[in-house]
Amino acid sequence: MSSNRELAAIFQKIATVLEIMGANAFKINAHVKVARVLEDLVQDIATVEDLSTLPGVGKSSVAKIKEYLATGEIKELSDLLGSIPSGLLDLMEVQGLGPKTVRRLWQEAGVVDIPTLKSAIEGGQLESMPRMGKKTISNIADSLAFLEVASERTRIGDAMPIAEMIIDQLAKTKGVNNIEFAGSLRRGKETIGDIDILATTTDSALLAETFCTLGGVTKVLVRGDTKCSIRLDCGMQVDLRIVAEDAFGAALMYFTGSKEHNILVREQAIKQKKRLNEYGLFDLDKNCIAAKTEESMYKDLGLPYIPAELREGKQELTLPQTPPLIQHSDIQSDLHTHTIASDGHLTITELAEEAKRRGLHSIAVTDHSQSSMQANGLSPKRLEQHIADIKKANEELDGINILAGSEVDIHADGRLDYEDELLAELDIVVASPHSSLKQDPIQATSRLLKAIEHPLVHIIGHPTGRVLGKRPGLEPDMPTLFAAAAACQTAMEINANSWRLDLRDTHVHAAIQAGAMISINTDTHAASDFDQLRYGILTARRGWLIPENCINCFSFDRLLAWLGRSC
DNA sequence: GCCGTTTTCGGCCCGACTGTTTTCAGTCG
């Protein structure tokens, strides 16, 4: 919902202005928390009956949200922005600049935005400020230059291979015992800020040296005894923490986060008269109760083990036991793939062989439909021939079932791109939006609803059509869609391609709550695309998906029965 | 500003690192 995002941005801005003005830190945090809750909210904020039921939303925030819904703005923000130059907000994005420094730059050097900061540096005006030495000024200049070329966050599909490559190299360093990545990467978020790596070693000097001189390092940002930070030529920042062997679990838990999860578990510790930090769980006499493994930490806090993907500070501490979240090995079929018949790079046989090699029992061939001209979509006549080719390949190949399908376009008005008679010949129909991705939410809802309710449609492919960092995609009323999907037994896809991850994590959770089935597919166009499945799994786990709610985990017989379901 | 299984008032995580200082403020995660 765009209004959710817009409102979240307003709360975030209020928080940032308050920070520059030196307001109470907890008041600032309260605004940041509301912003986060709004960003994660699946339901349109305008349809929430009792706003005060949202976590972190109190009396004052309810009033602000209501004001926004009635007028489209919040006066407090315009008032606040009247008291400081609005360009100061941009300065807060500069690494190393915090609220105190930004305020001083403004009041003592007349800096009001990034251009005036640049000229103040060039003109030497900062040098006369107290606590502003050569090194600090040069670091600010570096950060400014970096800000111009850097994008905000990195897609997990880019970050994960980098992290794994670095870990591979560091693991070979003499003395290293444990090494793992933590942070948002371990939690499986769709985009990553920094890569966090934790290690134990008998030679920390050697490990730090190896880390700071890795290929691709453009700047060493921090180099201490236990913490080093580097920036890579791709723009990513990587932090290495060297921790004690017997406190690896405590450190892993702490640096995996999220910050919100850490606060919740720390509160849990305080309630039990314990104390929790990155070195372990302690009693009031500072005796260590647990530290070595994450499992022991959660156990001694009286909690079930909480998988990293659930650690977002939401409802995870209320879990009575560890949920059996879906795993890579649970996936037995891929139900959305392409061949050279449309825009893929593999033949039907090559595709099926690759699926078989990866241990799947079934693969659905779902090439594009006729309207997808750019993707060489199949005319009805070509589809007829393609179905025959798929059936022939299915007979010839052992050890894999090949289903004849189509990824059929959902037109802007909700009609499908083939006649029902043709769709009825297919084993499986994935219906996806590919065009008119900027249509308004009401039209988008009705469009997707028609496809969900179509008796021949099994799966809605990449339901919003978003592409991370490039286009937001459709913004339909998700709760309405999920209710219909549950009623019609139409599965909603998690497209595992790391550019898409569509449905996103919060959608998956809402879909399951509504009783809808989920399908995780790679949308494979080339053999290596099967590797993207891991990102779909992470997104599914973040949405609390268990195998029972995912049709790709069904045995072949059960899948066939499900595909034959009546709507 | 938000919250409540000791609380409607009094908490709200806290340690590492940097740069500038001679003991600490600011930033970050």
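Each chain gets a letter, A, B and so on, in the order the sequences are listed, and its residues count up from 1.
The distance between atom CG of A:D225 and atom P of B:dG15, rounded to the nearest whole Å, is 17 Å. Rounding to whole angstrom units, CD1 of residue A:I140 and C1' of B:dT27 are separated by 12 Å. Residue A:M92 contributes atom CE, which lies 12 Å from atom C1' of B:dC28 at whole-angstrom precision. Taking atom CD on A:E127 and atom P on B:dG19, their separation rounds to 17 Å, with Å as the unit. Taking atom CD1 of residue A:I137 and atom P of nucleotide B:dG19, one finds them 13 Å apart after rounding to whole Å. One can place CZ of A:R223 at 12 Å from P of B:dC17, the figure rounded to the nearest angstrom. Rounded to a whole Å, the CG atom of A:L18 is 8 Å from the P atom of B:dG1. As rounded to whole Å, 15 Å separates atom C1' of B:dG19 from atom CG of A:D142.
With respect to A:R500 and A:E190, no salt bridge is recorded, no charged nitrogen being found less than 4.0 Å from a carboxylate O. Electrostatic pairing of A:K219 and A:D142 counts as a salt bridge here, judged by a charged N lying under 4.0 Å from a carboxylate O. A salt bridge links A:E475 to A:R5: at least one charged side-chain nitrogen sits closer than 4.0 Å to a carboxylate oxygen.
A gap of 16 Å separates the C1' atoms of B:dT22 and B:dT18, to the nearest Å. Nucleotides B:dG26 and B:dT20 are separated by 11 Å at their C1' atoms, to the nearest Å. B:dG10 and B:dG15 have their C1' atoms separated by 24 Å, with the value rounded to a whole Å. Atom C1' of B:dC12 sits at a distance of 16 Å from the matching atom of B:dT8, rounded to the whole Å. Spacing of C1' atoms, B:dA16 relative to B:dC9, comes out at 33 Å, to the nearest Å. Comparing the same atom, C1', in B:dG1 and in B:dT5 gives a spacing of 24 Å after rounding to whole Å. A distance of about 30 Å separates the P atoms of B:dT21 and B:dC14, rounded to the whole Å. Taking atom C1' in both B:dG19 and B:dC13, one finds a spacing of 25 Å when rounded to whole Å.
A donor-acceptor pair is defined here as one N or O able to donate and one able to accept, closer than 3.5 Å; such a pair exists between the side chain of A:R466 and the backbone of A:L501. Side chain of A:N277 to backbone of A:G280: a donor-acceptor contact under 3.5 angstrom is found.
For residues 291-319 of chain A, every residue pair satisfying the salt bridge (charged side-chain N to carboxylate O under 4.0 Å, His left out) rule, not counting sequence neighbours, is listed here: A:R36-A:E312, A:D40-A:K314, A:R186-A:E294, A:R187-A:E312, A:E294-A:R311, A:E309-A:R541, A:E312-A:R542. Residue pairs meeting the side-chain hydrogen bond (donor to acceptor under 3.5 Å, both in side chains) criterion with at least one member in residues 165-175 of chain A, sequence neighbours excluded, do not occur.
Atoms CD and OG1, on A:E93 and A:T16 in that order, are 7.5 Å from each other to the nearest 0.5 Å. The structure places CD1 of A:I230 at 8.5 Å from CG of A:L221, a figure rounded to the nearest 0.5 Å. Rounding to the nearest 0.5 Å places SG of A:C228 at 5.5 Å from CD1 of A:I242.
Comparing B:dA16, B:dG29, B:dG1 by their closest approach to the side chain of A:K64 singles out B:dG1. Side-chain proximity of A:K227 to B:dC2, B:dG19, B:dA16: nearest is B:dA16. Considering only the side chain of A:Q237, B:dG29 comes nearest among B:dT20, B:dG15, B:dG29.
Mapping A:K134 and A:K27 onto DNA chain B by nearest heavy atom places A:K27 closer to the 5' end of the strand. Along DNA chain B, the nucleotide nearest to A:G133 and the one nearest to A:D196 differ in position, and the one closer to the 5' end is contacted by A:G133.
Taking both residues in full, the closest heavy atoms of A:D239 and A:S229 are given as OD1-OG, 2.7 Å, listed atom of the first, atom of the second, then distance. Shown here for A:C212 and A:V217, the closest heavy-atom pair between the two residues is O-CG1, 3.8 Å.
Using a 4.0 Å heavy-atom cutoff across all strands shown, A:S229 reaches no nucleic acid atom at all. Within 4.0 Å of A:N262, counting heavy atoms only, lies no atom of the nucleic acid at all.
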For a quick check, with a 4.0 angstrom heavy-atom cut-off, what is the B/S/- contact string for nucleotides 21-26 of chain B, read 5' to 3'? ---BBS
Taking protein heavy atoms under 4.0 Å as touching, what does nucleotides 3-13 of chain B look like 5' to 3' if B marks base contact, S marks sugar-phosphate-only contact and - marks none? S--B-----BB
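For A:D203, there are no salt bridge (charged side-chain N to carboxylate O under 4.0 Å, His left out) partners, not counting sequence neighbours.
Base pairing analysis places B:dT8 opposite nothing; no Watson-Crick or G-U wobble pair with both distances below 3.5 Å involves it.
Distances shown here put every side-chain N or O of A:T136 at or beyond 4.0 Å from the OP1 or OP2 atom of B:dG19.
The stretch residues 198-212 of chain A has no heavy atom under 4.0 angstrom from DNA chain B at all.
Note on ring orientation: taking the six-membered ring where Trp is involved, the planes of A:Y305 and A:Y298 are perpendicular (angle over 60°, cut-offs 30° and 60°).
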